[in-house]
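Encoded as C-alpha cells, the structure appears first; notes follow it.
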There are 2 protein chains.
Amino acid sequence: MVTIYDIAKKANVSAMTVSRVINKADNISEQTRKKVEAIIKELNYIPNSSARSLISKKTKILSLMVTDISNPFFTSVARGAEDKAMQMGYQLLLCNSDENIEKESKYIDMLISTGTDGVLIAPANDSSKKNIRKLIKHNIPIVLIDRYIRDLGCDQVLSDNETTTRKLIEHLIEQGHRRIAIINGPLDVATSRERHQAYCDTLRLHGLPVNDKWIHQSELFHHSDVSSKIKELIDLPAGERPTAIFATSNFLGLNTVKSLLKYNIRVPEDIAVVCYDGVPNYTESELFLTAAEQPSYHFGYMGAQMLIERIEKTSPAEPRKIVLPAEFHIRASSRYKVEK
Amino acid sequence: MVTIYDIAKKANVSAMTVSRVINKADNISEQTRKKVEAIIKELNYIPNSSARSLISKKTKILSLMVTDISNPFFTSVARGAEDKAMQMGYQLLLCNSDENIEKESKYIDMLISTGTDGVLIAPANDSSKKNIRKLIKHNIPIVLIDRYIRDLGCDQVLSDNETTTRKLIEHLIEQGHRRIAIINGPLDVATSRERHQAYCDTLRLHGLPVNDKWIHQSELFHHSDVSSKIKELIDLPAGERPTAIFATSNFLGLNTVKSLLKYNIRVPEDIAVVCYDGVPNYTESELFLTAAEQPSYHFGYMGAQMLIERIEKTSPAEPRKIVLPAEFHIRASSRYKVEK
DNA sequence: CTGTTAGCGCATTCAG
DNA sequence: CTGAATGCGCTAACAG
C-alpha cells in the first residue's frame with residue numbers, strides 16, 4: 001500500500017506537505033505542489049479513508065434505509081439519492097429493512113459503527129422511532145423519506161397524502177361512485193394512516209357513507225396478498241358492494257387489479273381502481289392503471305441534498321420539510337361513468 | 001463518543017480486555033466477560049469501524065457496481081447481493097456506472113479509497129478492463145457479474161448466453177419463422193457479443209439466412225430508442241421483412257414491442273417477439289412477452305457469496321465460474337405459427 | 001487469563 | 001510556505 005510517507009520520501013518533502021497537497025490547502029508553493037502531484041500520480045497513490053475518518057469523524061458515506069429496494073418506488077429513490085451523493089462526493093450504502101424493526105435496528109448499529117455521515121430513512125413503521133433516536137443520539141443527521149414520525153425534529157421529504165388521496169377519491173366520486181373501498185397498508189405506518197384519514201374525510205365531506213366492511217389494512221405495506229379481502233368485497237350484497245377501490249400503494253394496486261380479474265370482475269366496468277403511487281413506465285399497467293404518481297426520484301435526490309446540507313452545516317438549524325405533489329394519470333382502470 | 005477506554009475504565013480492566021470481549025476471544029474469564037458486556041450495553045458502546053479498518057485493512061463493506069439500479073435486472077441483483085452481504089455481516093455500497101467508463105473509473109478510485117473488501121461488478125463494457133485491473137492491483141477481490149471480460153482471472157457469475165439464445169431462436173424457428181431479426185446492445189459488451197454470435201450460429205445451423213439488415217446494435221445496452229430501427233425493419237420488402245425479432249434485453253424487448261404497436265404491427269401475428277431476460281412480475285408484459293428469464297436475484301446472491309469466500313480466503317485459489325441457466329416463459333408474443 | 005507497548009495512515013496543532 | 005510531534009480508536013505482539 002502506498003502511503004503519504006512514500007510520496008513524501010520520494011518528493012523530498014514532509015508527509016504534512018503531501019497532506020496539504022491532497023487536501024488542496026492554498027499555502028503551498030506552486031512548485032512543490034506540482035512535484036508532489038506528479039509523484040502521487042506516478043505511484044498511483046489513493047488516500048486511505050479509514051485513517052482520514054478516524055481523525056475527521058467523516059466517512060463521506062450516506063446510507064439509505066428502505067423497506068425493500070425491489071419496490072420500484074424505492075429503486076427510484078435510491079437512484080435519485082445516489083446521483084446526488086455522487087455529485088457531492090459521497091457514496092451510498094444500501095439497507096433493506098423489510099419492514100422489520102429488528103432488522104432495521106441491527107442495521108442501524110452497523111451504520112453507527114461504520115460511521116456513516118448521514119442516513120436517509122423510510123422507517124419500517126412507527127416503532128422505528130427508537131431506532132432513529134439512536135442515530136440522533138450519535139449525532140448522525142437523518143432525513144425521513146416518505147414516512148413521517150412525530151417528535152423527531154428532523155428533515156423530511158414527504159408525499160402530500162391528504163391532497164393526493166382527496167383528489168383520487170373525488171375523481172371516483174365524479175365518475176359517479178358512491179361506494180368506495182380502500183385497500184391499505186398497516187396503520188402503524190404514517191402514510192397508511194394519513195391516506196386512511198383523508199379517505200374517510202373526503203367521503204364524509206361529500207356526504208358519502210364510510211363502511212367498515214370497505215376498509216382493509218394489510219399486515220405489510222407492500223407485496224401483501226389482498227385476494228381474500230377482494231373476495232369479501234365482491235361477495236357483499238349488491239347494495240353494499242363497492243363500485244370502486246382505492247389502493248394505497250403500487251403493489252396493492254397491481255394486486256388488487258390482479259385479484260379482481262381472477263374473480264372475473266371487469267375493471268373498470270364492474271369495479272374501478274385507482275392507485276396511490278405509480279408503476280414503472282416500462283410496464284403495460286402504465287397504460288391501464290389510474291395512478292397518482294409520486295416523484296420518487298426526487299424523494300431521493302432532494303433527500304440526499306438536504307442530508308448533505310445538514311452534514312456540511314450549510315442548512316438552517318430548524319428542520320425542513322419538503323412535500324412533493326403527485327402527478328395524476330387518469331387511465332382506463334377508472335375511466336368509466338357509473339350509471340345512477 | 002464512547003470508546004473502548006471508557007468501557008475499560010468503568011470495568012476496571014484494560015482496553016485490551018474489552019477488545020477481547022468485543023471480538024469474542026475465548027481466553028476471557030466468564031466473570032470479566034459478563035462485567036464488560038454489561039457496561040458495553042449500559043453505555044451503548046459501538047466499536048469504531050474506521051479504527052478497526054485502519055489496522056485490519058478490512059471494512060466489511062462490499063461494493064456493487066451496476067450500470068443502472070433502475071434496471072429491474074440489477075435491482076434484483078442488488079437485493080440478492082444485499083441479502084447475502086447482511087447475512088455474512090457485510091454492508092453493501094451501491095454504484096451506478098451508467099455504462100460510462102469514466103464514471104466507473106471515478107467510482108473505482110473512491111472504492112479503493114474507502115477500502116471496500118470486494119467488488120461485485122457488471123462492467124460497463126470491454127474497456128472496463130483497465131478499471132478492474134486497478135482494483136486487482138490494489139488486491140481487492142472482484143466478482144464479474146453478467147458481463148465477462150477476458151484475461152482477468154477472477155470469479156464470475158454469468159448467464160448461459162449461447163444456450164439461452166439458441167433455445168429462443170429455435171423456438172421461433174419451430175413456430176415457422178425463417179426471417180429473424182436481432183435488436184441487440186453494443187458489441188463491446190460481452191453479453192451482446194455472445195448473444196449476437198449465438199444468434200448467427202443458430203440460424204446457420206438451421207440453414208437459415210443471416211441478413212445484415214436484420215441486425216441492430218444500439219449505442220447503450222439498456223433504454224435505447226429502437227423505433228427507427230424497427231421502422232427500417234417493417235419497411236423492408238415483403239420477402240425480406242422479418243417475421244420475428246429477438247431482443248437481447250428486457251428494455252430492448254419492451255421497447256421493441258412498444259415500437260411495433262406504435263406502427264400498428266400486430267404482435268405476434270405480423271411479427272413475433274422474444275426477449276432475453278424477464279420483466280418484473282408486477283408488470284402485465286409478464287403475461288405477454290416471451291422471455292428467457294434470468295435468475296437475477298441469484299446473480300447477486302451467489303456473486304456476493306463467492307466474493308465473501310474470496311475475501312475470507314475460504315475458496316479455492318483458482319477462479320470460479322458460475323453459469324446460471326435462464327427460465328423459459330413462452331407467452332403470447334411468440335405463440336403464433338407462421339403459415340408456410 | 002490479563003495488561004503494556006507500539007503503531008495502523010493521516011491531519012491537527014504548533015514551531016520554525 | 002514547510003516540518004515535527006502528537007493522537008484519533010483500536011488491536012497485534014509480547015510480557016506477565
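When only modelled atom types and interatomic distance are considered, A:Ser53 and A:Ser50 share no side-chain donor-acceptor pair under 3.5 Å. For the residue pair A:Ser159/A:Gln294, the side-chain donor-acceptor check at 3.5 Å is satisfied. At a cut-off of 3.5 Å, with distance as the only test, a side-chain donor of A:Ser49 or B:Ser113 sits close to an acceptor on the other residue.
Note: B:Tyr301 and B:His298 have perpendicular aromatic rings, judged against thresholds of 30 and 60 degrees for the angle between ring planes.
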Please write out the pairs of protein N or O atoms and N or O atoms of nucleotides 1-4 of chain C separated by less than 3.5 Å, giving the distance to one decimal.
unit_1: C:dT2; atom_1: OP1; unit_2: B:Ser29; atom_2: OG; d: 3.3
unit_1: C:dT2; atom_1: OP1; unit_2: B:Thr32; atom_2: OG1; d: 3.2
unit_1: C:dT2; atom_1: OP2; unit_2: B:Ser29; atom_2: N; d: 3.1
unit_1: C:dT2; atom_1: OP2; unit_2: B:Thr32; atom_2: OG1; d: 2.9
unit_1: C:dG3; atom_1: OP2; unit_2: B:Ser14; atom_2: N; d: 2.9
unit_1: C:dG3; atom_1: OP2; unit_2: B:Ser14; atom_2: OG; d: 3.2
unit_1: C:dG3; atom_1: OP2; unit_2: B:Thr17; atom_2: OG1; d: 2.6
unit_1: C:dG3; atom_1: N7; unit_2: B:Arg20; atom_2: NH1; d: 3.2
unit_1: C:dG3; atom_1: O6; unit_2: B:Arg20; atom_2: NH2; d: 2.3

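In this structure, CE of B:Met1 is placed 11 Å from C1' of D:dC10, rounded to the nearest angstrom. Residue B:Ile55 contributes atom CD1, which lies 6 Å from atom P of D:dT11 at whole-angstrom precision. Between A:Ile7 atom CD1 and C:dG9 atom C1' there is a gap of 13 Å when expressed in whole angstrom units. Atoms NZ (A:Lys9) and P (D:dG3) sit 15 Å apart, rounded to a whole Å. Summarising the geometry, the separation between NZ on B:Lys58 and P on D:dG9 is reported as 24 Å, rounded to the nearest angstrom. Rounded to whole Å, atom P of D:dC10 lies 5 Å from atom CD1 of B:Ile4. In this structure, A:Leu54 atom CG and D:dT6 atom P are separated by 18 Å, rounded to whole Å. Remark: P of C:dG9 and CD1 of A:Ile22 are 13 Å apart, rounded to the nearest angstrom.
Listed here is the closest heavy atom pair of B:Ala122 and B:Thr67: O-CG2, 4.2 Å.
Relative to the six-membered ring of B:Tyr148, B:Lys321 meets both conditions, a distance below 6.0 Å and an angle of at most 45° to the axis.
The shortest distance between the side-chain N/O atoms of A:Asn48 and the OP1/OP2 oxygens of C:dC8 is not below 4.0 Å. Taking side-chain N and O atoms only, A:Tyr45 has a distance below 4.0 Å to OP1 or OP2 of C:dC10.
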